[in-house]
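This report concerns only the one structure given below.
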Amino acid sequence: MKKIVLVGAGGHAKSLIDLIKTKEEYKIIGLVSNKHKVGESVLGHKVLGDDSQLKFLREDCEYAVVAVGQIKDSAKRKVLVQNLSLLGFRFPIISSKFSYISKYANIGEGTTIGHGAVINANANIGKHCIINSQSLVEHDSNINDFCHISTGVLINGGVNIGEETFIGSNTMIRENVIIPSKVCISAGKRIMAWPLKSV
C-alpha cells in the first residue's frame, strides 16, 4: 500500500481516517498537528510531530492529505497545501468505498469524498474540496477549488459554485444557479436563485 500522512488531528482527521480505511489503497503512517498534540493518538494513529517534521516524513512518504476542516474560510487549508507542495508531496483523491463517483465525472487532486456521497455524470469537482457524507452533486455541475460541500447537501444539475465557498448541511440548490466565490451559506437553505436577500 502507498504511505500517506494526514496533516491535522481534529474531527475532520477522524473522518478521513475512516474514509481511507474503507479501501486498501493507502497506509496511514501518522498525523502532523500542533506541538501540544504530539504523541497523542487519533483512532489508533499517532501524531508524529508538528509541521517542522514534514520535510523528514517526505523522505519516506510520497502522499499527504489536508485533514483540517473548512467552515468560515479556506485560508488555513490553502497555506497547508502550498507548504506541502513545496516539499514535493502528492495529493491523492480520497473517496469512501461507499460513495458513488461516475466514470464521466472529473475530480481534482486532494479532494475528499465522504460516505454515501454521489457525484453524477459530467460533474466537475475542483482541487482540495471536501464533499461530505450523503451529499449529491448532479450532472453538469461545477464545484471549484477549495469548496466544502457539507453533509446532505443537494446540488442539482448545471450548478456552478465558485472557489472557496462553504455550503451548509441539508442545503438544496436549484438547477443552473451560479454561486460566487468565497460565500458561506448556512445549513438548511433552499437556494432557488442568486443573489439571495440573506443566506
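Reckoned from all heavy atoms, side chains included, excluding hydrogens, waters and symmetry mates.
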Would you compute the distance between atom [atom1] of [X] and atom [atom2] of [Y] and round it to the nearest 0.5 angstrom?
X      : Y      : atom1 : atom2 : result
Leu48  : Ile29  : CG    : CD1   : 6.5 Å
Thr112 : Ile130 : OG1   : CD1   : 5.5 Å
Asn106 : Asn122 : CG    : CG    : 7.5 Å
Lys189 : Ile167 : NZ    : CD1   : 11.5 Å
Phe146 : Thr111 : CZ    : OG1   : 9.0 Å
Leu57  : Leu87  : CG    : CG    : 10.0 Å

Note to self: Run Trp194 and Val183 through side-chain contact (heavy atoms from CB on, under 4.5 Å) and show every step you take.
What the structure shows: CA-CA 11 Å; Trp194 193 271; Val183 168; 3.7 Å; yes
Do [X] side-chain atoms and [Y] backbone N/O form a donor-acceptor pair below 3.5 Å?
X      : Y      : result
Asp145 : Gly126 : no
Ser181 : Glu163 : yes
Asn34  : His36  : no

Count I, L, V, M, F, W, Y as connected when their side-chain heavy atoms are under 4.5 Å apart, and connections chain through other members. Are [X] and [Y] then in the same cluster?
X      : Y      : result
Leu16  : Phe98  : no
Leu80  : Ile71  : no
Val65  : Leu19  : yes
Val7   : Ile93  : no
Ile143 : Ile179 : yes

Next item on the list: Give a yes or no on whether Leu43 atom CG has more than 12 heavy-atom contacts from other residues, nucleotides or ligands under 6.0 Å away.
Entry: yes
Notebook entry, point to check: So does Lys23 have more than 12 non-hydrogen atoms from other groups sitting under 6.0 Å from NZ?
Noted result: yes
Any non-hydrogen side-chain atom of [X] less than 4.5 Å from a side-chain atom of [Y]?
X      : Y      : value
Val47  : Ser33  : yes
Val5   : Val32  : yes
Met192 : Met172 : yes
Ile191 : Thr171 : yes
Ile17  : Leu6   : yes
Ile94  : Ile20  : yes
Ile173 : Ile161 : yes
Leu136 : Val153 : no

Minimum heavy-atom separation for [X] to [Y], with atom names?
X      : Y      : answer
Val81  : Phe91  : O-CZ, 3.7 Å
Ile131 : Ser135 : CG2-OG, 3.2 Å
Ser141 : Gly157 : OG-C, 3.7 Å
Lys27  : Met1   : N-CB, 4.0 Å
Cys147 : Gly162 : SG-O, 3.0 Å
Ala117 : Asn132 : CB-O, 3.8 Å

Just checking, any donor-acceptor pair under 3.5 angstrom between side chains of [X] and [Y]?
X      : Y      : answer
Lys182 : Ser74  : no
His139 : Asn156 : no
Ser169 : Thr151 : yes

Check: Taking the six-membered ring for Trp, are Tyr63 and Phe89 ring centroids under 6.0 Å apart?
Finding: no
Notebook entry, point to check: Could you go step by step and tell me if Arg174 and Val177 meet the side-chain contact (heavy atoms from CB on, under 4.5 Å) rule?
Noted result: CA-CA 6 Å; Arg174 185 179 178 177; Val177 170; 4.1 Å; yes
Next item on the list: May I ask you to decide whether Glu62 forms a salt bridge with Lys3, counting only side-chain N to carboxylate O separations under 4.0 Å?
Entry: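 Judged by the 4.0 Å cut-off on N to carboxylate O distance, Glu62 and Lys3 do not form a salt bridge.
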Next item on the list: Determine, stepwise, if the pair Leu54 / Asn83 fulfils side-chain contact (heavy atoms from CB on, under 4.5 Å).
Entry: CA-CA 9 Å; Leu54 285 167; Asn83 292 341; 5.9 Å; no
Next item on the list: Please test Asn120 against Tyr100 for side-chain contact (heavy atoms from CB on, under 4.5 Å), starting from the C-alpha separation and ending with a verdict.
Entry: CA-CA 8 Å; Asn120 265 332; Tyr100 173 77; 3.8 Å; yes
Item checked: Sole residue of Arg77, His148, Lys78 in side-chain hydrogen bond (donor to acceptor under 3.5 Å, both in side chains) with Glu164 ->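 So the option named by the test is Lys78.
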